[in-house]
Amino acid sequence: MCGIAGLALRNGVTPSTAMLAAMNAALGHRGPDGSGQHVSGNVALAHTRLAIIDLQTGDQPLFAGPTALIGNGEVYNYRELRTENQLACVTGSDCEPPLHLYRRDGLGFAERLRGMYAIALHDPAERRLVLARDPFGIKPLYIAEFADGIAFASEPQALLAAGILAPALDGDRLKELLQLQFTTGAETIFRGITRLLPGETIAIADGRIVERRRRAALPEGGPEEIGEEEALARLDAALEQSVDLHQRSDVPYGMFLSGGTDSAAILAMMARLNDRPVLAFTAGFDVPGAADEREAAARAAKAAGARHVSIDVTRAEVWRHLPAIVGAMDDPAADYAIIPTWFLARRARQEVKVVLSGEGGDEIFGGYGRYRSAMRSWWLGGKTPRRKGAFDGLDVLRTEPTGWRDGIAAAEIEAGAGGRTRLQGAQALDVADWLPNDLLTKLDRCLMAHAVEGRTPFLDPGVAAAAFRLPDALKVRREMGKYLLRRWLERHFPASEPFRPKQGFTVPIGAWIAEDGARLGALVAAQPGVAEIAKPDRVQALFRAAAGKKEAFAAWHLLFHALWHRRHVEGRQMLGDVFEALAER
């Protein structure tokens with residue numbers, strides 16, 4: 001797990017060492033254990049390291065002949081790649097096999113990788129730089145095209161810190177952020193900065209992109225014909241293999257545990273595979289009646305023989321640290337789950353460098369309520385996912401946002417192709433955008449802010465192959481999602497109470513905002529980033545009404561945007577708590 005950055009410039013242009021140093025410094029939190037650089041001709045690579053595998057000889061860049069590689073993430077099947085392909089590796093690094101595979105297979109090298117990764121390879125013989133990102137988009141990678149060529153980095157803020165471009169906002173992406181809480185596709189909210197798409201590999205020569213190819217995350221085709229017992233056996237094998245691979249580490253690891261089915265399945269499999277008690281971290285809230293799953297998590301941990309660490313996320317602590325939490329989200333995802341995730345990562349870092357989590361379980365196994373709605377025809381009450389925006393009907397924004405659903409609509413067409421059912425189409429839609437641009441961005445930024453590596457065993461080619469093409473009836477049954485995963489838990493870990501109704505992980509942000517609504521509303525309304533898009537009097541009224549669910553959601557979006565804009569557009573450091581940060585002039 002690391003931060004990577006670099007430059008691929010036009011022929012004859014020499015990389016700026018100051019620009020490279022600025023990018024590396026901006027990524028220091030991602031890799032506090034070391035750094036490395038490589039400059040050759042018109043290409044420069046920079047790397048900051050969080051040492052997880054091969055602590056002694058795993059420093060980067062890595063070399064095979066004249067070809068250099070830097071990588072962010074983990075290639076979990078690195079041992080198998082060495083053995084099966086008879087690779088002559090000289091280090092124990094998980095990133096060395098991709099280097100040799102590239103030397104042999106060229107741009108198809110990533111097809112064999114199983115893991116989460118953003119990789120940069122400089123091939124001077126072919127006079128090109130190659131960038132590759134894992135199929136689910138677990139690890140981020142951004143590029144910016146400018147006059148001298150192309151720059152890339154693990155985070156947009158590194159490109160901004162290097163002065164490659166100014167932090168100008170894309171109006172269409174801002175509409176998406178406000179209405180959806182995340183942005184879609186390759187374009188980011190920063191004009192001129194784009195994402196390498198999940199599964200994409202590109203080649204850059206003479207400062208421009210000359211070739212693109214893409215590896216799919218999900219298997220093609222509609223549902224398979226498979227019975228429940230066979231599906232359960234296949235799922236058990238896939239989960240065991242994936243969790244076993246995701247536990248490969250030369251440093252201590254733990255897991256994030258909620259009271260739900262996804263993390264319970266990870267816990268059950270970790271308990272099966274580990275001789276020592278699993279270390280599990282759970283967050284809860286200080287608001288009476290909030291969706292607090294600590295009790296259920298504690299019961300599951302006890303049944304699995306795990307060591308359970310529970311933390312209390314309070315309103316006072318949230319207001320104290322929210323500027324830093326939002327500041328970590330340079331590619332903005334206004335998901336209030338960033339709050340407990342950030343606090344869990346901070347606590348976990350006291351004992352481990354690696355945590356496994358259940359991200360992707362709903363998307364792979366069919367867990368969300370919106371999937372059940374999408375399965376029904378419109379005349380039976382079926383609804384299109386994300387058809388309404390957060391600010392619809394509130395009369396808060398200066399102009400009614402239009403076109404904010406265009407990215408989702410385009411992705412819907414592609415997601416539903418190839419004989420997929422309505423359920424599969426809804427799942428594939430989430431895997432295309434919601435997963436990489438919200439959930440995984442949240443996990444990456446909140447954990448890397450504390451130099452913790454997050455691993456997601458459900459987002460694995462083997463698990464996807466075992467689960468995505470299941471018959472709809474093995475995913476959704478009796479108006480309950482994730483049927484097969486629940487059946488697996490019922491058989492292998494019944495203490496997790498897998499057929500309890502899904503509670504959902506809801507952060508009581510509305511209750512917190514409502515307690516300080518008048519004060520926060522006035523501060524948020526006065527922010528430049530908010531004043532230019534929203535009516536000040538309506539903003540203040542919205543915050544005073546934040547006890548309502550819809551009002552709370554919209555108020556949170558504006559609070560997030562106010563803090564995010566101050567940090568990443570205005571360039572303020574935001575010292576102090578949320579009130580001090582917003583009041584600073």
Side-chain angles (χ1 to χ4, degrees), residues 52-53 74 76-80 94 114-116 138 226 228-282 293-294 296-310 344 348 351-362 364-365 367 453-468 470 474 482-500:
I52 302 294
I53 290 176
E74 302 291 354
Y76 300 121
N77 64 333
Y78 67 103
R79 297 172 187 167
E80 290 78 7
D94 61 292
R114 188 169 181 176
M116 54 178 187
I138 304 168
I226 185 173
E228 185 172 314
E229 285 302 316
E230 183 183 351
L232 282 167
R234 188 171 70 176
L235 174 59
D236 186 76
L239 278 178
E240 180 170 316
Q241 185 184 62
S242 180
V243 172
D244 188 41
L245 287 170
H246 280 74
Q247 290 184 153
R248 287 184 173 176
S249 172
D250 293 335
V251 298
Y253 54 83
M255 68 162 299
F256 287 163
L257 178 65
S258 71
T261 56
D262 299 334
S263 61
I266 302 299
L267 171 64
M269 191 55 74
M270 289 179 74
R272 179 193 295 185
L273 294 170
N274 285 273
D275 295 328
R276 298 179 180 179
V278 176
L279 177 56
F281 299 92
T282 302
E293 297 193 325
R294 279 179 292 185
R299 290 195 301 270
K302 183 178 181 181
R307 180 183 155 220
H308 189 222
V309 176
S310 179
L344 280 168
E351 301 189 56
V352 299
K353 274 186 166 183
V354 174
V355 292
L356 279 64
S357 74
E359 264 77 13
D362 282 301
I364 296 297
F365 294 98
E453 176 175 292
R455 299 183 176 183
T456 52
F458 288 130
L459 301 179
D460 172 81
V463 175
F468 181 68
L470 288 170
L474 289 182
K482 294 186 286 196
Y483 171 76
L484 191 73
L485 187 62
R486 293 176 193 273
R487 282 282 292 117
W488 182 87
L489 281 166
E490 186 177 51
R491 180 170 295 183
H492 296 285
F493 191 34
S496 64
E497 305 172 81
F499 282 95
R500 279 187 302 117

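Residue numbers start at 1 and run along the sequence shown.
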If you define the side chain from C-beta out and look only at heavy atoms, does anything of [X] sit under 4.5 Å from [Y]?
{"X": "Arg234", "Y": "Ile226", "value": "yes"}
{"X": "Ile138", "Y": "Glu359", "value": "no"}
{"X": "Tyr253", "Y": "Met270", "value": "yes"}
{"X": "Met255", "Y": "Val243", "value": "no"}
{"X": "Glu453", "Y": "Lys353", "value": "no"}
{"X": "Pro457", "Y": "Leu356", "value": "yes"}

What pairs with [X] under side chain to side chain donor-acceptor pair (under 3.5 Å), at least two apart in sequence or on another chain?
{"X": "Asp250", "result": "none"}
{"X": "Thr456", "result": "none"}
{"X": "Ser263", "result": "Ser258"}

Donor-acceptor pair, Arg248 side chain versus Glu74 backbone, under 3.5 Å?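 No; zero donor-acceptor contacts below 3.5 Å.
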Considering non-hydrogen atoms only, spot the tightest contact between [X] and [Y] and give its length.
{"X": "Ala304", "Y": "Ala271", "result": "O-CB, 3.9 Å"}
{"X": "Ile52", "Y": "Ser249", "result": "CG2-OG, 3.7 Å"}
{"X": "Pro498", "Y": "Thr261", "result": "O-CG2, 3.7 Å"}
{"X": "Leu257", "Y": "Ala264", "result": "CD1-N, 4.3 Å"}
{"X": "Ile266", "Y": "Gly358", "result": "CG1-CA, 4.4 Å"}
{"X": "Gln247", "Y": "Arg455", "result": "C-NH1, 3.8 Å"}

Return the [atom1] to [atom2] distance between [X] and [Y], rounded to the nearest 0.5 Å.
{"X": "Leu232", "Y": "His492", "atom1": "CG", "atom2": "NE2", "answer": "7.0 Å"}
{"X": "Asp244", "Y": "Met269", "atom1": "CG", "atom2": "CE", "answer": "9.5 Å"}
{"X": "Tyr78", "Y": "Leu245", "atom1": "OH", "atom2": "CG", "answer": "10.0 Å"}

Taking only residues two or more places apart in sequence, or in another chain, which ones meet [X] in a side chain to side chain contact (heavy atoms under 4.5 Å, CB included)?
{"X": "Ala495", "value": "Ala303, Phe493"}
{"X": "Ala265", "value": "Phe458, Leu485, Trp488, Leu489"}
{"X": "Ser310", "value": "Arg294, His308"}
{"X": "Ala348", "value": "Phe256, Phe281, Val352, Val355"}

Applying ring pair (Phe, Tyr, Trp, His ring centres under 6.0 Å), can you list everything that pairs with Tyr483, at least two apart in sequence or on another chain?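 Once residues adjacent in sequence are excluded, Tyr483 has no partner under the ring pair (Phe, Tyr, Trp, His ring centres under 6.0 Å) criterion.
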Could you go through Glu497 and Arg299, starting from their C-alpha distance and side-chain angles, then the distance that decides it, and tell me whether this counts as salt bridge (Lys or Arg N to Asp or Glu O under 4.0 Å)? CA-CA 10 Å; Glu497 305 172 81; Arg299 290 195 301 270; 3.0 Å; yes
Holding to salt bridge (Lys or Arg N to Asp or Glu O under 4.0 Å), I want the full list of residues that pass it with [X], two or more places apart in sequence or in another chain.
{"X": "Arg79", "answer": "none"}
{"X": "Glu490", "answer": "Arg487"}
{"X": "Arg114", "answer": "Asp460"}
{"X": "Glu351", "answer": "Arg307, Arg347"}

Salt bridge flag under 4.0 Å for residues Arg491 and Glu228: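 Judged by the 4.0 Å cut-off on N to carboxylate O distance, Arg491 and Glu228 do not form a salt bridge.
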